[in-house]
Structures are given as C-alpha cells and as structure tokens.
Amino acid sequence: MAYDSFSAFLQALEIAGELKRISAPVDTDLQITELANREMKSPNGGKALLFEKPLINGKLSNFPVAINTMGSYRRLAMSLGRTSVDELADRLQCILKTKPPAKLRDAVKLLSQGMDLLHARPRRVSCGPCKEVIHRFDDKMGYGKLISLNDLPILKCWPQDGGRFITLPNVYTRDPDSGERNVGMYRMQVYDARTTGMHWQIHKVAARHGKRYYERGERMPVAVALGGDPALTFAATAPLPDGLDEILFAGFVRGRSVEMINCETVDIQVPAYSDFVLEGYVNPGELRPEGPFGDHTGFYTPVDDYSVFHLTAITHRQQAIYPATIVGIPPMEDFYMGSASVRIFLPIFRMNFPEIQDIALPAEGVFHNLVFVSIRKQYAWHAYKIMHGLWGMGQMMFSKYIVVVDEDCDVHNTSEVLFRLCANTDPQRDTSIIKNPSDALDHAPTVPTLGTHMGFDATRKLPTEGYTRPWPDMVRMSPEIQQWADDFLSGAQSLQKENL
Ligand SMILES: Cc1cc2nc3c(=O)[nH]c(=O)nc-3n(C[C@H](O)[C@H](O)[C@H](O)COP(=O)(O)O)c2cc1C
Ligand SMILES: [Mn+2]
C-alpha cells in the first residue's frame, strides 16, 4: 500500500495505536529532542510523536512536527506499506532469480529492469499538493506572506549543536554528465532564513555530483523534499549502488509509481505529494563551516567545511507536517532504517556471496562500526574472503569490525555472537587488520577518513587452516529429548490447568 501523503501515514499509525499526540506547546529548541529521545529509548522504540504546537523562539509554529515515525520494526514496515520488511526482500530475490547476473554492474541493470516491470517507473505530473502554496524569493508579489526557514519548526537537537538542523531532508541532485538523478539524506544546518549547509560527505553520491559541477564551473541545482510518502524518505537513506535511481526503488517499495513534478525555480523534479520542497542551488567551490552536531555516533561531530545551499523558493502543502528525527547515543530511530536496509539488500549480498547466511548491524555499532555475518564455510580462510568482499561493497567499505561466524549462529543475537567470538578465536591467528576508507563521522582515526578495519574469523577452524586438533562439538541436547521435553511440559501445563 502506498501513502498519498505524510499525514495519511500518520493517520495509519494512529489507527494502529502507534502514534501519540502532544497538544501542549513544546519548544523546537532541545525540548522536542528530550521527549523524543526518551520515547526512542523505551521498549521497542516507543511510539511516533506528533507535536501539534511546536514553538519557534517562543512563537507557535504554523506546522506540526512528527518524529520517530519509523522508529520501530512495525512502524518501519508500515512506512514501506508492508506488514514485514522480509516481504520486500523476497520480492527483490525473485527479480534477481529470474536471470542470475554475473557482475554487480549487470545486477544494477537487472534490478532497474525488474523494478520497471513492476510498474515502479516514476510518472511526470503537472500539478500536485506540494504546490498548494508557493513562495518564490525572486517574486515577492502576489503570494501573500512570504515564509522562510525561520517559519519551519526545525529542531535544535542537542546543547552543543551549532544551530538548527533539518534532519530528514531528501536531497535531489543530478549528475551533470549523465543527467542521472540521486536522492540522498544529508542533514542541513540552517545558517539564515534562506541559506543552509549541505552535509554530503565525501564518499556520497551528491558529493561526487558536486565535484563535477565544480570542475565544469557550473552552478549546481538542488531541491530538497520533506515529508510525502515515507517510502521516499527511506529510499533516500538506503545504500543503493550509485546509478540505481532512488525514485524507481521507492516506486518498487510502495508498489506504485512516484508522481514527479518540476520545481519552480530549478531544473529538478521532486515528488508532487511532498509536504515541503526547498529549491535552490550550490555555488561551485563555496564552502562554510558546518557543525558541531550531536551525531549518530553518539558523539558531537566537530566543525568542518561543507557546501552551502542557497534557497530560491519554498513550496508546501496547505496542511504540511514537518518530519524530523534525532540522532545520538543508540538506539535511535535510524537503527531501524539501517536494519531494514540490510534485510532488503541481503539478496544482493547473497548474489555476490551465496555462502552468506545472514548479516546484522547491531545497534551498538551504529551502522558501520560492527558487522556480524554468518556463512556456510567451505574452505580454508573462507571468512577472510567474505570480509574483503564486504569491505569492497558500497557503503559496507566503512565496516570497522567484521565478525564472521558459522551458519548455525544467530547474528541477531549479539550475546550468541560474542560467545562464538570469545570461544572460537585465537587473537593473533584469527584477526586481520586492513586499510580502507573510514566513515567521515568516525572520530577515532587520527586523520579523518583514513582508518584501519579489523576482521575476526570466529568460525570453526579446519585442518587445512593448520588447525590439527579435533574441533570440539558444542554441547547440545538431542532433538528427540527436546521434543520429549516440549511434550512433557505442555502436558504438565494442561494437567495444572485441569487441577485449577
Ligand atoms: C537520519 C539520517 C541522517 C543522515 N545524515 C547524513 C549526513 O548528514 N551526511 C551524509 O553524508 N549521510 C547522511 N546519512 C546517510 C546517507 O543518507 C546514506 O549514506 C545514503 O545511502 C546516501 O545516499 P547516496 O549513496 O545516494 O549518497 C544519514 C542517514 C540517516 C538515516
Ligand atoms: Mn544514491
């Protein structure tokens, strides 16, 4: 099921008992964060929160704020219009199975074709709700009161943050050479009423686009969509291969074409059912200090130079709702987005590495710091092949610690993985340290983005790996006795009930 609007999604959440309304005024300066953080830390991610009366500098905002709308397994599945994320993974698997691709490049092509067949291709429309109210900054006449970023309930998230940050922006850019679209989620620090930062990190696709505009000496058109169908927001965060269109992917996810509309002041298309659209441009070479920002690492990211976004227009729905999230010490809302990405893309990992059983990114590792992977081990040093494979795949390149376990270990059970890690490894023999690009947010490397990564082979060792002692079996009860105990206990239970 696809949502026509962000508010339709919120209604669905409310009907499912997944949304709490807060009707008392709450300040966008730190107060919303504190309430949202407590909610995100409560069992199973708590509920989504709708702040009906957010305050901006003590004044009531015209727009409500919704937060934590994807912050549980259930809400994340609902945001994709599904009852479970596995449903999507299975559909991707089906597309890939129709014709096994030999190379990743072929896989990207096949995926695009497969998604096309499912009628996911975007559709161009000429009018849409995101244009209900139009504020062009070059044309102040005739549009009533002109709004600016000062009128949006943008959060100051944490005490040491450098200002207010837009935390769920879907940033639309184009490759100036091929015309290919990209949508990424890159936070935006508000500098003034019509200027923000653009925190696209060096390894991300929009940064690559920006570099090409810079080399060509051309202004870079950029548009930012907020709200709309949450499947779009998820697509902006998903680590899709460069060249796979996020809008096609979102169409596949929601099972319906995304309706796209031209911007007013820049040559970019955005989803017509967005809540807000910020239009503008980035000047080649213009940089400005961005940060600090309380980041998803659980630490403040220090000030660093990033591109600057100049707004030329804001358009919005009459009844627009401002979407937000906060990041910080895990677990937070983004953990569920990351988990869903891993589940959905497992078939793609498996296509390259059929021996992979399962992958998990535990919350403590904040996406890239810790990866658990289980494999069906067949030959000596098989675990190292998998580590190097993952370190070579897209954003998995950032994985700081990879722990490889045997297929019978549940990677979603951190305690079980740690048990295998401690029991099955000899530290010198079973680890490998390599050089690879590090996440720009990782504060541990001495020089930003230049880090080392470590792999742990926690699989059982083979004679061909030089382990000549017999590898012991794990202590487990026989299946027959387990079955007997199940029967025995359920019999005892019904006996107890009869006696009552
Ligand atoms: C809530 C949230 C905030 C994010 N903020 C940023 C950010 O500020 N900068 C960045 O480069 N990536 C950020 N990311 C990660 C990117 O959105 C993610 O890597 C995405 O796949 C990038 O898309 P791309 O491959 O098209 O560049 C954020 C992710 C989430 C879930
Ligand atoms: Mn992308």
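Position 1 is the first residue of the sequence; numbering continues from there. The model shown is predicted, which means the values in this text are computed figures rather than measured ones. Start at 1 and go down the list; that is how both ligands and their atoms are numbered.
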Enquirer: Which residues and atoms, counting only protein N, O or S, are under 2.8 Å from the Mn ion (ligand 2)?
Expert: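 Protein N/O/S atoms under 2.8 Å of the Mn ion (ligand 2): N182 OD1, E246 OE2.
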
Enquirer: Tell me whether R288 forms a cation-pi arrangement with Y191, defined as NZ or CZ under 6.0 Å from the six-membered ring centre and within 45 degrees of its axis.
Expert: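 Verdict for Y191: a cation-pi partner in R288.
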
Enquirer: Hey, is the main chain of E264 close enough, under 3.5 Å, to the side chain of E279 for a donor-acceptor pair?
Expert: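 Looks like yes, one N/O pair under 3.5 Å.
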
Enquirer: Hey, do the aromatic rings of F293 and Y300 have their centres closer than 6.0 Å?
Expert: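 Between F293 and Y300, the centre distance exceeds or equals 6.0 Å.
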
Enquirer: Hey, does R219 have a side-chain heavy atom less than 4.5 Å from the side chain of N283?
Expert: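 Answer yes - side chains close enough.
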
Enquirer: Do F345 and F249 pass the ring-ring contact (aromatic ring centres under 6.0 Å, His included) test, and can you show the C-alpha distance, the side-chain angles, and the key distance before you say yes or no?
Expert: CA-CA 12 Å; F345 294 114; F249 176 70; 5.7 Å; yes

Enquirer: Check each of I166, T173, T325, T237 against atom 31 (C) of ligand 1 and report the one with the nearest heavy atom.
Expert: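 Heavy atom nearest to atom 31 (C) of ligand 1 belongs to T237.
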
Enquirer: For residues G228 and D275, report the shortest heavy-atom separation together with the two atoms involved.
Expert: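 In terms of heavy atoms, the two residues are closest at N-OD1, 2.8 Å.
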
Enquirer: I'd like to check which ligand 1 atoms, numbered from 1 as shown, lie under 4.0 Å from a non-hydrogen atom of E246.
Expert: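 In order of numbering, the contacting atoms are 26 (O).
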
Enquirer: Quick one: does R164's side chain have a donor or acceptor within less than 3.5 Å of a partner on L149's backbone?
Expert: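 Judged by distance alone, yes, a pair lies under 3.5 Å.
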
Enquirer: Taking both backbone and side-chain atoms of T167, is any N or O found less than 3.5 Å from an N or O belonging to ligand 1?
Expert: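 Among all N and O atoms of T167, none is under 3.5 Å from an N or O of ligand 1.
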
Enquirer: To check your reading of the model: name the closest protein heavy atom to atom 22 (C) of ligand 1, its residue, and the distance in Å.
Expert: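 Ranking protein heavy atoms by distance from atom 22 (C) of ligand 1, first comes Q395 NE2, 3.8 Å.
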
Enquirer: Using heavy-atom distances only, which candidate in H296, H209, H199, E290 approaches atom 9 (N) of ligand 1 most closely?
Expert: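 Looking at heavy atoms only, H199 sits closest to atom 9 (N) of ligand 1.
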
Enquirer: By number and element, which atoms of ligand 1 are closer than 4.0 Å to a non-hydrogen atom of M337?
Expert: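 The atoms of ligand 1 under 4.0 Å from a heavy atom of M337 are 31 (C).
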
Enquirer: Can you list the atoms of ligand 1 that are under 4.0 Å from a heavy atom of P239?
Expert: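 Answer for ligand 1: 21 (O).
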
Enquirer: Does G394 have a heavy atom less than 4.0 Å from any atom of ligand 1?
Expert: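 No.
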
Enquirer: For ligand 1, which atoms sit closer than 4.0 Å to a heavy atom of A238?
Expert: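 Near A238, the atoms of ligand 1 are 21 (O).
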
Enquirer: Which atoms of ligand 1 sit under 4.0 Å from any heavy atom of V205?
Expert: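 Heavy-atom distances to V205 below 4.0 Å select 24 (P), 25 (O), 26 (O), 27 (O).
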
Enquirer: Answer yes or no: is there a donor N or O on one side and an acceptor on the other, between the side chain of R121 and the main chain of V258, under 3.5 Å?
Expert: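 Checked: no pair found.
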
Enquirer: Nearest heavy atom to atom 2 (C) of ligand 1: which of M188, R208, R181, M185 does it belong to?
Expert: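 Shortest heavy-atom distance from atom 2 (C) of ligand 1: M185.
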
Enquirer: Pair H203, F398 - check ring-ring contact (aromatic ring centres under 6.0 Å, His included), show working.
Expert: CA-CA 10 Å; H203 305 110; F398 301 131; 5.0 Å; yes

Enquirer: Can you figure out which of F367, F398, Y336, Y186 has its heavy atom closest to atom 27 (O) of ligand 1?
Expert: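 Of the listed residues, Y186 has the closest heavy atom.
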
Enquirer: May I ask you to identify the nearest protein heavy atom to atom 12 (N) of ligand 1, giving residue, atom name and distance to one decimal place in Å?
Expert: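 Heavy-atom neighbour on the protein nearest atom 12 (N) of ligand 1: K204 NZ, 3.0 Å.
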
Enquirer: Can we call the ring centroids of Y186 and H199 under 6.0 Å apart?
Expert: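 No.
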
Enquirer: Aromatic contact between F367 and H296, with the criterion being ring centroids under 6.0 Å apart: yes or no?
Expert: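 Between H296 and F367, which both carry aromatic rings, the centre distance is below 6.0 Å.
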
Enquirer: If you measure from the Lys or Arg side-chain nitrogens to the Asp or Glu carboxylate oxygens, is any gap between K156 and D161 under 4.0 Å?
Expert: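 Result for this pair is no, no salt bridge flagged.
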
Enquirer: Between R187 and E290, is there a salt bridge with N-O shorter than 4.0 Å?
Expert: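 The answer is yes: the pair qualifies as a salt bridge.
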
Enquirer: Side chain, backbone, both or neither: which applies to A440 and ligand 1 if a contact is any heavy-atom pair less than 4.0 Å apart?
Expert: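 Neither part.
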
Enquirer: With a cut-off of 4.0 Å, which atoms of ligand 1 are near a heavy atom of N182?
Expert: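 Atoms satisfying the 4.0 Å criterion: 24 (P), 26 (O), 27 (O).
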
Enquirer: Out of all atoms in ligand 1, which are within 4.0 Å of some heavy atom of V183? Include the element for each.
Expert: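 Ligand 1 atoms under the 4.0 Å threshold to V183: 26 (O).
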
Enquirer: For a ring pair (Phe, Tyr, Trp, His ring centres under 6.0 Å) with H316, tell me which candidate from Y322, F63, F6, Y273 qualifies.
Expert: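 The passing option is F63.
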
